[in-house]
Amino acid sequence: MNDAVVNVDGGPVNLTNLKKIFWPKLGLTKRDLLQYYLDVSAWLLPHVQNRAMVMKRYPNGITGEFFFMKRAPSPRPASIPVCTIEHHSGNVIDFPVIQHLASLLWVVNLGCIDLNPWYARCDDVDRPDYLHFDLDPVPGASFDRVLEAALIVRDALGSIKIRSYAKTTGSRGIHVYVPIVRGPTQKQVWTFAKAFSKELEARHPKIITAEYRVAKRPRGRVLADYNQNAWNRTLASVYSVRPKPEHGLRIEDFTMKNMAPRLKKIGDLWKPLLQEEGRVDLKAFL
């Protein structure tokens with residue numbers, strides 16, 4: 001069966017091209033991708049609900065071309081909610097929102113391998129409820145160096161009583177997240193992240209760089225990319241599949257095949273990003 005209609009929370013969803021190969025070397029299909037998101041949906045959905053979703057579509061799998069799509073396609077099922085955001089250019093975009101299982105499967109069926117939500121919720125798109133540091137190796141830096149940088153970030157945040165949470169990016173880096181009290185604007189959050197990254201660079205110049213210009217970044221360092229905190233930017237969500245050959249502390253430690261059993265065993269380690277208590281009030285640092 002190559003196509004199917006499934007009735008899930010949120011309404012019926014048409015699933016198409018289920019036999020299409022999405023990971024050629026592994027023989028994994030679009031059906032496998034949809035099954036993964038179904039299996040982890042109970043843990044994933046709370047992290048993406050009420051947020052605009054930028055669609056990164058891989059209609060022919062990881063070896064095919066991809067394209068970004070912000071506006072929810074039309075026509076679409078009536079069950080698919082949208083988040084209307086006016087950009088600084090004056091352009092108004094209706095982003096899809098993954099609010100329930102139906103909208104999750106609908107987005108993935110469009111070829112979205114990874115899920116890229118906004119940092120702020122739809123009721124106030126200018127005020128995020130977390131910040132992060134995207135640690136990305138500059139050419140010449142190993143993954144071990146990235147792990148070293150992540151520990152430096154964790155300890156530096158801990159020294160000012162800020163707790164952080166790290167995840168692999170699915171590629172070569174580490175994302176370090178900090179849940180914050182909603183209040184500061186995205187620009188203020190970016191300003192804090194920039195100042196913190198620059199301080200890390202000053203204290204650990206042989207390991208970390210915060211240099212914005214690619215050509216100026218010293219080889220073998222790890223970039224603390226504060227610019228990913230800018231308005232309208234996104235990062236792949238927790239429990240998101242990445243369009244990679246399933247290689248992960250080691251990247252291959254976390255795959256489509258082992259994540260659902262892992263969640264059933266240990267639960268959601270990212271619950272603090274959903275809870276009201278324990279969030280950092282950035283106003284004290286601005």
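One is the number of the first residue; the rest follow in order along the sequence.
Between Tyr165 and Tyr177, the ring centre distance reaches or exceeds 6.0 Å. Taking the six-membered ring wherever Trp is involved, the centroid distance between the rings of Phe196 and Tyr226 does not fall below 6.0 Å.
Both Met259 and Trp23 sit in one connected hydrophobic cluster of ILVMFWY residues. Membership requires side-chain heavy atoms under 4.5 Å apart, directly or through other members. Side-chain heavy atoms closer than 4.5 Å link hydrophobic residues (I, L, V, M, F, W, Y) into clusters, and following such links, even through other members, never connects Phe192 to Trp190. Val13 and Met1 fall into different hydrophobic clusters, defined by Ile, Leu, Val, Met, Phe, Trp and Tyr side-chain heavy atoms under 4.5 Å apart, directly or through other members. There is a path of hydrophobic side-chain contacts, each under 4.5 Å, that joins Phe68 to Met55. Hydrophobic clustering keeps Leu282 apart from Val181 (ILVMFWY residues linked when any side-chain heavy atoms are closer than 4.5 Å, directly or through intermediates).
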Dump the intermediate steps for side-chain contact (heavy atoms from CB on, under 4.5 Å) on Leu274 and Asp268, then the final yes or no. CA-CA 10 Å; Leu274 304 173; Asp268 181 11; 4.2 Å; yes
Candidate pair Ile93 and Ile85, rule side-chain contact (heavy atoms from CB on, under 4.5 Å), full reasoning: CA-CA 5 Å; Ile93 297 177; Ile85 299 177; 5.6 Å; no
Could you check Thr84 against Asp94 for side chain to side chain donor-acceptor pair (under 3.5 Å), going step by step and ending with a plain yes or no? CA-CA 4 Å; Thr84 301; Asp94 289 334; 2.5 Å; yes
Could you walk me through whether Arg51 and Asp129 pass the salt bridge (Lys or Arg N to Asp or Glu O under 4.0 Å) check? CA-CA 11 Å; Arg51 299 179 191 274; Asp129 50 17; 2.9 Å; yes
Applying side-chain contact (heavy atoms from CB on, under 4.5 Å) to Arg154 and Leu151, what does each step give before you reach the verdict? CA-CA 5 Å; Arg154 181 200 64 180; Leu151 292 175; 3.7 Å; yes
Would you sort out whether Leu18 and Thr29 count as a side-chain contact (heavy atoms from CB on, under 4.5 Å), showing the intermediate values? CA-CA 7 Å; Leu18 295 172; Thr29 64; over 6 Å; no
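In this structure, Arg233 CZ and His132 NE2 are separated by 9.5 Å, a value rounded to the nearest 0.5 Å. Note that CD1 of Ile208 and CG of Leu223 are 10.0 Å apart. Values are rounded to the nearest 0.5 Å. The SG atom of Cys83 sits 12.5 Å away from atom CD1 of Ile98, with the distance rounded to the nearest 0.5 Å. Atom OH in Tyr119 sits 4.0 Å away from atom CG in Leu235 (nearest 0.5 Å). Between the NZ atom in Lys198 and the OH atom in Tyr212 there is a gap of 11.5 Å [rounded to 0.5 Å]. Distance check: Gln99 CD to Ser79 OG gives 11.5 Å after rounding to the nearest 0.5 Å.
Partner of Lys30 under the side-chain hydrogen bond (donor to acceptor under 3.5 Å, both in side chains) criterion, out of Asn17, Asn2, Asn109: Asn109 alone. In summary, of the residues considered (Val241, Leu28, Ile113), a side chain to side chain contact (heavy atoms under 4.5 Å, CB included) with Ile62 occurs for Ile113 alone.
Residues Tyr37 and Leu34 fail the side-chain proximity criterion, which asks for heavy atoms closer than 4.5 Å. With a 4.5 Å cut-off on side-chain heavy atoms, Val280 and Phe285 count as touching. In this structure, the side chains of Phe133 and Ser197 come closer than 4.5 Å at one or more pairs of heavy atoms. Side chains of Val222 and Asp136 form no contact here, defined as non-hydrogen atoms less than 4.5 Å apart. Using a 4.5 Å heavy-atom cutoff, the side chains of Leu115 and Leu44 are in contact. Side chains of Leu200 and Val153 form a contact here, defined as non-hydrogen atoms less than 4.5 Å apart. Counting heavy atoms from C-beta on, the side chains of Asp32 and Phe22 never come closer than 4.5 Å. Looking only at side-chain heavy atoms (C-beta outward), Ile174 and Lys167 stay at 4.5 Å or farther from each other.
Counting all heavy atoms, side chain and backbone alike, Tyr58 lies closest to Pro243 at OH-CG, 3.2 Å. Minimum heavy-atom separation, Asn229 to Gln186: O-NE2, 2.6 Å. Across Leu110 and Pro73, no two heavy atoms sit closer than the pair CD1-CG, 4.1 Å. Minimum interatomic distance between Val48 and Pro117 (heavy atoms only, all atoms of both residues): CG1-CG, 4.2 Å. Scanning all heavy atoms of the two residues, the minimum distance from Trp106 to Pro77 falls at NE1-CD, 3.4 Å. In terms of heavy atoms, Val97 sits closest to Val82 at CG2-C, 3.7 Å.
Using a cutoff of 4.0 Å between basic side-chain nitrogens and carboxylate oxygens, Arg242 and Asp114 are scored as salt-bridged. Salt-bridge annotation for Asp124 and Arg182: absent, with no side-chain N of the basic residue lying under 4.0 Å from a carboxylate O of the acidic one.
Here the side chain of Arg217 pairs a donor or acceptor atom with the backbone of Glu211 at under 3.5 angstrom. The main-chain N or O of Arg219 is found under 3.5 Å from a side-chain atom of Arg221 such that the two form a donor-acceptor pair. Listed for the Gln228 side chain is no donor-acceptor partner under 3.5 Å among the backbone atoms of Asp225. Between the side chain of Arg163 and the main chain of Pro272, no donor-acceptor pair closer than 3.5 Å is present. With hydrogens and angles ignored, the 3.5 Å screen pairs no side-chain donor or acceptor of His204 with any backbone N or O of Ile207.
A cation-pi arrangement is present between Lys56 and Phe66 under the rule of less than 6.0 angstrom and at most 45 degrees off the ring axis.
Within a 6.0 Å radius of CZ in Arg76, other residues, nucleotides and ligands contribute more than 12 heavy atoms. The number of heavy atoms from other shown groups lying within 6.0 Å of NZ (Lys194) does not exceed 12.
Pairs of residues two or more places apart, or lying in two chains, never qualify as side chain to side chain donor-acceptor pair (under 3.5 Å) while including a residue from residues 270-286.
Between the side chains of Asp3 and Thr16, not a single donor N or O lies within less than 3.5 Å of an accepting N or O.
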